[in-house]
Amino acid sequence: NKFTSIHDTVGFHDSRHSAGLQLADFVAGVWNGALRNFKESASLFEEHVWPTVRRSEAGRVEGYGLMEVPTRTDSRNHLLGRLRPYIERN
């Protein structure tokens, strides 16, 4: 049992007590808002989130920083279409 900080079940925690959860909440919220074309979210996404999204050596995000579980080509293509403006600018 060398992984003492990993829970073996689903747990719900108050994000006020975890900087990691607050960061995950921020990124998920900004990503969601950007995909829905909310101006402020899109600005935050482009400035703070998009530059840090994991990419392949060729610069592709699909399968690296953008992954759907389980793999669904239709979902991936939809998301890539919504992200096209960011992809084309970089």
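No hydrogens, no waters, no symmetry mates; every other heavy atom, side chains included, goes into these values.
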Leu23-Val30 co-clustered via ILVMFWY side chain contacts under 4.5 Å |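 Same cluster.
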Out of curiosity, does Leu80 fall in the hydrophobic cluster containing Val49 (side-chain heavy atoms, cut-off under 4.5 Å, transitive links)?
->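 Val49 clusters together with Leu80.
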Are any side-chain N or O atoms of Arg54 and backbone N or O atoms of Thr52, one a donor and one an acceptor, separated by less than 3.5 Å?
->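 Absent.
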Residues Val53, Leu66; criterion side chain to side chain contact (heavy atoms under 4.5 Å, CB included); working and verdict = CA-CA 8 Å; Val53 174; Leu66 173 64; 5.7 Å; no
Partner residues of Arg82 under the salt bridge (Lys or Arg N to Asp or Glu O under 4.0 Å) criterion, sequence neighbours left out |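 Counting only residues at least two positions away or on another chain, Arg82 forms no salt bridge (Lys or Arg N to Asp or Glu O under 4.0 Å).
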Taking the side chain as every heavy atom from C-beta outward, state whether Arg89 and Glu46 have any atom pair closer than 4.5 Å.
->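 Touching, per the 4.5 Å side-chain cut-off.
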Nearest 0.5 Å, what's the CZ-CG distance between Arg76 and Asp74?
->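 Between Arg76 CZ and Asp74 CG, I get 11.0 Å after rounding to 0.5 Å.
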Measuring from Arg55:CZ to Ile87:CD1, what's the distance to the nearest 0.5 Å?
->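 If I round to the nearest 0.5 Å, the distance is 8.5 Å.
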Can you pull the ring-ring contact (aromatic ring centres under 6.0 Å, His included) pairs that have at least one residue in residues 18-37, sequence neighbours excluded?
->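 Qualifying pairs: Trp31-Phe45.
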Please table the atom pairs, donor to acceptor, closer than 3.5 Å between any side-chain atom in residues 32-43 and protein atoms at least two apart or in another chain.
none

Partners of Ser56 by side-chain contact (heavy atoms from CB on, under 4.5 Å), sequence neighbours excluded?
->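 Partners of Ser56 under the side-chain contact (heavy atoms from CB on, under 4.5 Å) test: Ala58, Arg60, Tyr64.
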Could you go through the side chain to side chain contact (heavy atoms under 4.5 Å, CB included) check for Val61 and Trp50 one step at a time?
-> CA-CA 10 Å; Val61 296; Trp50 184 247; 3.7 Å; yes
